[in-house]
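To find a chain, count down the sequence lines: A is the first, B the second, and so on, and within it residues start at 1. What you see is a predicted model; the values in this text were computed from it and never measured.
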Amino acid sequence: EPEVTQTPSHQVTQMGQEVILRCVPISNHLYFYWYRQILGQKVEFLVSFYNNEISEKSEIFDDQFSVERPDGSNFTLKIRSTKLEDSAMYFCASRSNRGRNTGELFFGEGSRLTVL
Amino acid sequence: RKEVEQDPGPFNVPEGATVAFNCTYSNSASQSFFWYRQDCRKEPKLLMSVYSSGNEDGRFTAQLNRASQYISLLIRDSKLSDSATYLCVVMGIRWETSGSRLTFGEGTQLTVNP
């Protein structure tokens, strides 16, 4: 069964460092997302990406964040200068535009980011 | 007002019980509605979509009331394996940008006890 894969599963970094989280969405999907979940809190939308550009972003997704789809398979989230409050689980997700359940997001297992 | 609001929980029920989760959403232009399930420290997974006519999948029944902006999930004959956090999810579509944000509620935790 096709799945979304994310790397790394866990990254520990120092405050102020740059972090890149990588995702390989399901190959025939067209919509890509990053969500985050701070421990014990809700799943929060960061950004959606379609047709090689950002289609929507939340207020969390400030200038410190960027996304890229460099080669047609990977979808990356970069945090330029990490802050303590960026510590969270980051979920990548993808979505097809076919079929009845076009709202179904397929999530990766997440990348846990710990900022010290 | 929160975009998606759920029963705060947690719910603790015995095996075999029937349990109902409620959810309201604030944006009347929302297009699609879902229940996701999240196990502890795992990724969310789609449980079922919610249609205006109501829909059932085995022991699970979902209802949508667009006029009241209300969504529900009913679990009958609950099993130990149903223990998880249940997330109410609403999708809005911004046609001009092809944006399609799914907004998650805070989740309602369910524990089914033997």
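Looking at B:F33, there are no atoms closer than 4.5 Å to chain A (heavy atoms on both sides), in backbone or side chain. When heavy atoms are compared at a cutoff of 4.5 Å, A:Q41 does not approach chain B at all.
Annotation for A:E109: atom CD does not count as buried by contact number, only 12 or fewer foreign heavy atoms lying within 6.0 Å. Enclosure of atom CG in A:D63 is not indicated, since only 12 or fewer non-hydrogen atoms of other residues, nucleotides or ligands lie within 6.0 angstrom. Counting non-hydrogen atoms of other residues, nucleotides and ligands closer than 6.0 Å to CD of B:E3 gives a total of 12 or fewer. Environment of NZ in B:K42: sparse, with no more than 12 heavy atoms of neighbouring residues, nucleotides or ligands closer than 6.0 Å.
Nearest heavy-atom pair across B:R101 and A:Y35 is C-OH, 4.3 Å. When all heavy atoms of A:F107 and B:P44 are compared, the pair lying nearest together is CD1-O, 3.4 Å.
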As a quick check of understanding, evaluate side chain to side chain contact (heavy atoms under 4.5 Å, CB included) for A:R112 and B:R41, giving each step before the final call. CA-CA 10 Å; A:R112 179 165 296 286; B:R41 296 182 176 269; 3.6 Å; yes
Mind running side chain to side chain contact (heavy atoms under 4.5 Å, CB included) on A:V43 and B:Q38 for me, showing each step along the way? CA-CA 10 Å; A:V43 178; B:Q38 186 175 29; 4.1 Å; yes
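For the pair B:E43 and A:F91, the minimum side-chain heavy-atom distance is below 4.5 Å.
Residues B:V89 and A:M89 share a hydrophobic cluster, clusters being chains of Ile/Leu/Val/Met/Phe/Trp/Tyr side chains in contact below 4.5 Å.
A distance-only check finds a donor-acceptor pair linking the side chain of B:Y36 to the backbone of A:L105 [under 3.5 Å].
The interface of residues 105-114 of chain B with chain A, defined by heavy-atom distances below 4.5 Å, comprises B:G105, B:E106.
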